[in-house]
Every structure is written in structure tokens, then in C-alpha cells.
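Working notes, beginning with the structure itself.
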Amino acid sequence: MENKVNAAEIFGKNVFNDKVMRERLPKKVYIELHKTIDEGKELDPMIAEVVAGAMKDWAVEKGATHYTHWFQPLTGSTAEKHDAFITAPHKDGSVLMEFSGKELIKGEPDASSFPSGGLRATFEARGYTAWDCTSPAFVREDAAGAILCIPTAFCSYTGEALDQKTPLLRSMEAVQKQALRLLRLFGNTTSKKVTPSVGIEQEYFIVDRQKYLKRKDLIFTGRTLFGAMPPKGQELDDHYFGVIRERIAGFMRDVNEELWKLGVSSKTQHNEVAPAQHELAPIYAQCNVAVDHNQIIMETLKRIAEQRGLQCLLHEKPFAGVNGSGKHNNWSLTTDDGINLLEPGKTPHENIQFLMILTCILRAVDRHAALLRESAADVGNEHRLGANEAPPAIISVFLGDQLEDVLAQLISTGEATHSLRGGKLHTGVKTLPDFAKDATDRNRTSPFAFTGNKFEFRMVGSRDSVAECNVVINTIVAEAFADACDILEKAEDFDMAVHDLIKEYATQHQRIVFNGNGYSEEWVKEAKRRGLPNIISMVDAIPALVTEDTIQMFERFKVFNRAELESRVEIQYEAYAKAINIEARAMIDIASKHIIPAVIRYTRQLADTINAVTAAGGDAEVQTELLKETTQLLKKTKETLKDLEHDTEEATYKTPGREQAVYFRDAVFADMEALRIPVDQLEMIVDKEIWPMPSYGDLLFEV
């Protein structure tokens with residue numbers, strides 16, 4: 001029996017958190033550092049020097065030999081370069097363990113090899129990492145030993161953001177400033193800080209690593225490019241919330257223990273809908289910390305899985321025919337004195353501040369629906385959006401019966417006089433208590449749903465950073481707050497102005513509110529009638545980054561400048577083209593070197609069997625029919641493979657950017673889908689002993 005783990009005892013043990021800083025830093029240094037963290041004051045280099053020394057001593061006691069500036073370039077994952085604490089050897093051959101304030105505050109990785117979208121030329125190599133002191137440093141223990149990881153932002157020599165964190169921190173400052181403006185108008189003089197609070201639910205698949213290593217498509221692309229459905233998929237819904245299998249339970253236990261040590265409050269774990277699919281959810285955290293924690297979660301899932309002979313698949317659609325994976329970004333605004341600005345209270349019709357904030361958010365989402373959709377744009381997400389627990393590509397807001405009724409009152413009469421109540425839920429069983437039910441149900445088909453005291457953005461892909469969507473949400477809400485404040489600050493009668501503005505926003509933006517079935521064809525038609533964008537492809541979502549409205553908004557709040565946005569457009573198109581190119585070439589490689597030779601071996605065996613049966617005077621009609629069917633499918637495979645080879649080569653001659661991305665989507669991806677059809681049919685015919693890779697059944701059910 002394994003030793004029991006006490007979560008409370010190990011939680012945060014590898015984090016340089018507030019408790020550690022209070023114990024190890026001089027009181028004056030601790031206070032000054034907190035002014036930087038809490039108030040955004042510039043960090044004094046002398047303070048940094050003391051902090052660096054304390055941080056180094058603490059990390060060395062944990063066994064750390066190296067430190068790294070841990071940052072998030074525009075690759076979707078994290079990056080790090082390890083430096084040892086040791087100094088140059090003295091004359092006697094000894095070394096010291098040192099770490100300066102300058103090394104803590106600033107690093108200098110090579111910026112030329114990361115995606116920059118033209119912001120940096122290849123010969124312009126200098127880039128800087130800057131310490132984000134609002135996100136705690138931590139010691140990660142892995143095969144490399146113990147490494148002190150310092151969360152940082154990453155920017156170019158000329159100051160442009162080359163990462164996910166820099167614009168995220170800018171957007172947090174923007175929404176804080178405008179939210180405080182709004183709160184002051186409502187008479188709140190005590191709150192000094194408003195922070196976006198985020199909780200991120202992470203979905204993932206776990207498969208056996210040895211089977212994974214026999215699937216080149218999974219190795220190269222993260223998803224299965226071929227694969228026939230097994231006799232059973234998720235039809236029975238028996239995996240969802242089912243008993244967690246022993247091997248997976250052991251994996252989850254190790255993941256939780258590691259995350260708790262790193263200060264990640266892993267709270268919920270369960271089986272998801274698809275076989276071999278699972279979910280992990282932490283407790284809410286400050287926006288940038290939550291983003292960092294989600295990266296830690298993804299890295300930990302992959303690392304612990306490998307240690308246990310498993311493989312974690314974070315692709316949005318690793319298996320066709322069953323649910324894909326996403327992550328749900330639960331967003332709210334909280335003050336430093338504990339007020340959740342999205343808490344409607346028991347009588348939301350009387351909560352004027354809440355109604356103002358709510359209608360501002362409706363305005364933000366309606367005005368920037370295409371941009372919000374782009375924030376979840378990813379190659380893998382195109383396979384997932386639109387069904388099976390994933391929201392549609394149409395952005396809408398679910399409010400529930402209670403809030404929709406309040407808005408309807410405001411729109412029709414200009415005044416809300418009541419709020420729907422939840423009532424009692426009667427179970428009909430004497431031994432079970434009746435209990436109060438919520439005033440509204442939930443809607444799993446809505447991409448942007450109000451769920452009590454937060455908005456749940458369900459569109460983000462499972463392997464994506466949630467930084468981008470939170471940058472967009474923070475900034476569009478900051479804009480809506482700012483526009484409202486511009487009007488209300490000039491009003492002679494504040495109460496009347498608020499009343500009129502709430503009604504105006506509710507009326508103008510009611511088209512974005514939809515409480516029905518987002519999967520239905522009727523909604524697609526209704527959304528078109530309302531004028532809501534339906535952007536199915538990532539390629540078509542990307543231009544939303546550089547509309548004039550978008551550029552003006554981001555520049556107004558100093559989150560992005562035009563050059564940074566244009567660079568991200570280039571990076572997105574390039575990422576799409578490269579991803580499809582890798583998938584296409586992987587299909588070509590697998591079909592040419594593995595599948596076609598395997599099918600030929602099978603046809604040869606069939607032919608030998610037919611000859612033997614015929615020579616013995618037997619009836620080989622069934623074998624002959626199988627050989628004919630297999631040969632026809634083999635011919636179709638070769639024909640579609642030839643088309644894919646031609647169009648993949650042709651794509652290299654297209655102009656990089658939108659033209660090339662569109663060609664990969666319209667021509668190359670269509671060829672990939674065409675090639676998969678005969679191959680998957682062949683898998684259902686060819687002897688399993690001959691088929692060159694594990695099947696869906698092997699991967700999904702044999703963990």
C-alpha cells in the first residue's frame with residue numbers, strides 16, 4: 001500500500017509564496033515587494049537583490065542546482081533555458097552558489113528562433129525575459145533535478161510582446177482601471193484593486209504509451225489521422241463520471257501530489273464522456289496565475305503519464321467519432337476586499353450595479369464576437385467545435401431564465417420589477433430531503449454562458465494557452481466599461497443615466513443572448529437572421545485580429561499595437577499551414593510505408609488461399625470477393641494518396657500567409673479526408689495481425 005498523502009501538508013511546499021517570503025525576507029523588503037505586487041510600483045533593484053538571495057537559498061535547500069526564466073512564447077507552450085547557480089571557479093578550484101537581483105529581474109534568451117511574425121529578423125537575436133513578480137516562482141522536480149522556475153514575460157529588444165503573458169498583464173491592468181472607474185461611480189470608495197479571476201477546466205485523453213509509440217500519426221501530430229471506429233464508442237455514456245480505473249487512479253494521484261506541491265489547487269477529477277478521456281479542474285486564481293497554472297497542469301499531465309507508462313493526449317480531437325477535448329475558461333471580476341462583481345444576488349432586478357456590468361459585457365461580446373471566436377482559433381479545434389459537448393462556432397451568450405426575464409422587462413417596459421425564483425426541488429422520495437434549486441438551468445451548448453457568478457467560455461481548445469482568450473475578454477470588457485463611464489461621468493442625474501444606459505445596452509445587444517440548443521440547425525438559421533458571425537474555420541477567424549475596430553481598441557488600452565497584431569496574424573496563418581503540412585506528410589509516410597505494404601501482404605495471402613482452395617476443388621467465392629473488395633480499396637487508397645502528394649507539394653509554392661493557409665485548408669485537408677475513407681475501410685477487412693498499428697479499440701479501451 002502506498003503512503004497516504006496529506007494535501008494540506010504538501011500544498012505549496014515547492015512554491016516561493018507569500019508565506020515563504022514573509023518568513024525569509026526582511027520586513028521592509030517584504031513590504032516593498034508587496035507594493036510592487038499589489039500596487040504595480042516599480043521594483044527597486046536593491047529590493048530585487050535581497051529577494052534573489054532569499055529565493056536562491058530557499059531553492060538550493062530544495063535541491064535546486066539551476067534556475068530558469070520560465071516564459072510563454074507564441075508557440076502555445078512554455079520555454080526555458082537553465083543556468084546553474086555556480087560562479088566561475090576560484091583559484092583554489094571552489095565555486096560559490098550565487099543569484100543576483102539582475103539575474104532575477106532580467107534574462108536574455110535568443111528571440112530570433114521563436115515566432116515573431118516579422119517583428120524580429122533572424123539576425124536580430126536579442127530578446128528579454130522580465131520577472132512577473134505577481135506569479136510565484138516554484139521549484140520543479142524532474143529527471144533534470146530540481147529547477148527554480150521564475151515566471152516571466154518575454155519581449156523583443158525594441159519592446160514588442162513576443163509572448164502570451166505581456167499582453168495578458170496589460171489587459172489585466174486595463175480592465176482593473178476601468179472597473180474601478182465604474183465602481184467609484186456607484187459609490188464604492190474602499191476597493192483598491194479589481195482582478196480578473198479565472199478557473200480553467202482541463203480535458204485530456206490517456207492511452208498506453210507502448211501503443212502510442214506504434215502510432216506515427218499520434219507521435220507526429222497528436223491525433224489519429226487514420227482509424228476505424230470500434231464496435232463500442234461512447235454510445236452508452238458509461239464512461240462519464242464512471243469509476244476511475246486503477247491505473248488511471250494511480251496516475252491522477254501522482255498528478256495531484258505534484259500539482260499540490262507546486263501550489264496548483266487541483267480540486268476536481270473525473271472520467272469524461274469519451275472512453276479514455278478525463279478532466280481536471282483547479283480552484284480559481286488570479287488571471288495570470290491561472291494561466292501559468294494551466295501550463296503547469298499540461299506539462300505535469302504529460303510528464304507523470306510518461307513516468308507511468310502512459311501517454312497524455314492534449315489534442316482537441318485525437319480520435320474521430322468520439323468527443324474531443326477543450327478547456328472551459330471560467331471568468332469573473334473580484335475586488336481586493338472580496339466582492340465578486342458578477343454576483344447578481346437574490347434579487348438581480350434590484351442590483352443596478354450588476355445589471356450595468358452585465359449589459360456592458362453583453363455589449364462587449366456582441367461588438368467583438370468575431371474577435372472572441374478568434375481567441376479560440378486552433379487547427380485542432382476545427383475538428384471539435386459544433387457538437388459533442390463542444391459549443392458551436394457561433395458566439396452567443398446564455399443568461400438563463402432568470403436574467404433573460406429581467407432583461408426582457410427592461411427592454412419592454414424600461415423597468416425590472418421582479419426576478420424569477422428557483423423554488424423547491426421535490427424528489428418524491430421520503431428519505432431524501434427537498435432542496436432549493438437554482439433559478440436557472442445550465443446550457444452546455446453555449447460558448448459564453450453565465451453560470452451563477454461567472455461567465456464560462458467553453459470554446460478554447462484543450463492544448464491551447466488560455467492567455468489569448470483572457471486578453472480578449474479583459475480588453476473588450478474594459479472598453480465597454482470605459483464607454484459607459486464616459487457617459488455616466490458626464491450625467492447630471494446619475495441614477496437616471498444608469499437606468500437609461502442599462503436599457504439601451506440590453507435593447508441594442510439582445511441579439512447576442514440565446515438560451516436554446518446551440519447545436520440545432522434552427523439556431524444556425526436564426527443566428528444568421530440576427531447577423532451573428534458563424535466562423536467555422538481558423539483561417540477565416542484570423543482576420544478579426546486586424547480589423548480597424550480591433551486595432552483601435554487594443555491600442556486605446558495599450559494591450560497591443562498595430563505591429564504586434566499584424567505579427568500575430570502572420571504567426572497564426574503560418575501555424576495553420578505548418579500543422580496541416582505535417583499532418584499531410586505524416587499521412588503520406590504512413591500510407592506509403594506501412595498501410596499499403598500491409599494491405600499488399602494481405603492480398604497476397606488471400607491470393608494464396610484462393611489458389612490452394614481452388615486446387616483442392618473447394619469453393620473460394622468468399623475469398624475471391626474479399627480480394628476484389630480489398631484490391632478496389634487499395635486502388636482508391638493509391639489514387640487519393642497521389643492527389644495528396646501532389647497538392648501537398650503544390651502548397652509549398654503558394655505565397656506564405658493567407659493564400660497558403662487557404663490552400664492547405666481547401667485542397668490539402670480535403671485530400672487528407674479523402675485518403676482516410678478507403679484506409680479506414682481497409683482496417684475493417686485486413687487481418688489484425690497484419691494491420692500495422694493499434695486500433696481505436698486498442699487505444700481507447702486497453703489502458
Next on the checklist: With a 4.0 Å cut-off on N to O distance, would you call Glu299 and Arg303 a salt bridge?
Outcome noted: no

Item to check | Glu39, CD: over 12 other non-hydrogen atoms inside 6.0 angstrom | outcome: yes

Checklist entry - Checking side chain to side chain donor-acceptor pair (under 3.5 Å) for the pair Asn340/Thr334: CA distance, chi angles, key distance, verdict? => result CA-CA 4 Å; Asn340 183 340; Thr334 56; over 6 Å; no

Next on the checklist: Please confirm whether the ring centroid of His69 lies under 6.0 Å from the ring centroid of His82.
Outcome noted: no

Checklist entry - So, are Lys192 and Asp38 salt-bridged, with charged N and O less than 4.0 Å apart? => result no

Checklist entry - Taking the six-membered ring for Trp, are Phe455 and Phe448 parallel (under 30°), tilted (30 to 60°) or perpendicular (over 60°)? => result parallel

Item to check | Residue pair Asp163, Thr166: steps toward the side chain to side chain donor-acceptor pair (under 3.5 Å) verdict | outcome: CA-CA 6 Å; Asp163 68 339; Thr166 303; 2.8 Å; yes

Next on the checklist: Students often mix this up, so state it plainly: with edges at 30° and 60°, are the rings of Tyr204 and Phe251 parallel, tilted or perpendicular?
Outcome noted: perpendicular

Item to check | Between Trp58 and Phe16, ring centroids under 6.0 Å | outcome: yes

Checklist entry - Is it true that Glu32 and Lys27 make a salt bridge, defined as a side-chain N closer than 4.0 Å to a carboxylate O? => result no

Next on the checklist: Apply side-chain contact (heavy atoms from CB on, under 4.5 Å) to residues Trp70 and Asp292 and explain how you reach the verdict.
Outcome noted: CA-CA 10 Å; Trp70 186 74; Asp292 286 354; 3.8 Å; yes

Checklist entry - Quick one: does Arg253's side chain get under 4.5 Å of Glu257's, heavy atoms only? => result yes

Checklist entry - Which of parallel (below 30°), tilted (30 to 60°) and perpendicular (above 60°) describes Phe114 and Phe154? => result perpendicular

Item to check | Cationic N near anionic O, under 4.0 Å, Asp132 to Lys165 | outcome: yes

Checklist entry - Do Met172 and Asn288 come close enough that some side-chain heavy atom pair is under 4.5 Å? => result yes

Item to check | Salt-bridge criterion met for Glu382 and Lys317 (N-O under 4.0 Å) | outcome: no

Next on the checklist: Against Glu316, only a single residue in Arg463, His383, Arg384 fulfils side chain to side chain donor-acceptor pair (under 3.5 Å); can you say which?
Outcome noted: Arg463

Next on the checklist: Please confirm whether the ring centroid of Phe319 lies under 6.0 Å from the ring centroid of Phe205.
Outcome noted: yes

Item to check | N-O pairing of Lys302 and Glu306 below 4.0 Å | outcome: no

Checklist entry - Which is it for Ser265 and Phe11 under the side-chain contact (heavy atoms from CB on, under 4.5 Å) test, yes or no, and what are the steps along the way? => result CA-CA 8 Å; Ser265 53; Phe11 190 83; 4.1 Å; yes

Item to check | Flag if over 12 foreign heavy atoms under 6.0 Å of CD, Glu246 | outcome: no

Next on the checklist: Tell me if the NZ atom of Lys578 is crowded by more than 12 foreign heavy atoms within 6.0 Å.
Outcome noted: no

Checklist entry - Between Asp337 and Thr190, is a side chain to side chain donor-acceptor pair (under 3.5 Å) present by the stated rule, with each step listed? => result CA-CA 8 Å; Asp337 47 357; Thr190 56; 3.2 Å; yes

Next on the checklist: Less than 4.0 angstrom from a charged side-chain N to a carboxylate O is my criterion; do Glu98 and Lys56 meet it?
Outcome noted: no

Next on the checklist: Evaluate His270 against His239 for ring-ring contact (aromatic ring centres under 6.0 Å, His included), listing each step before the verdict.
Outcome noted: CA-CA 10 Å; His270 62 83; His239 189 258; 9.6 Å; no

Item to check | Minimum-distance pair of heavy atoms, taken over all atoms of Ile244 and Ala249 | outcome: CG2-N, 3.7 Å

Checklist entry - Does some side-chain heavy atom of Ile105 sit less than 4.5 Å from a side-chain heavy atom of Tyr128? => result no

Item to check | Short N-O contact, Asp464 and Lys327, less than 4.0 angstrom | outcome: no

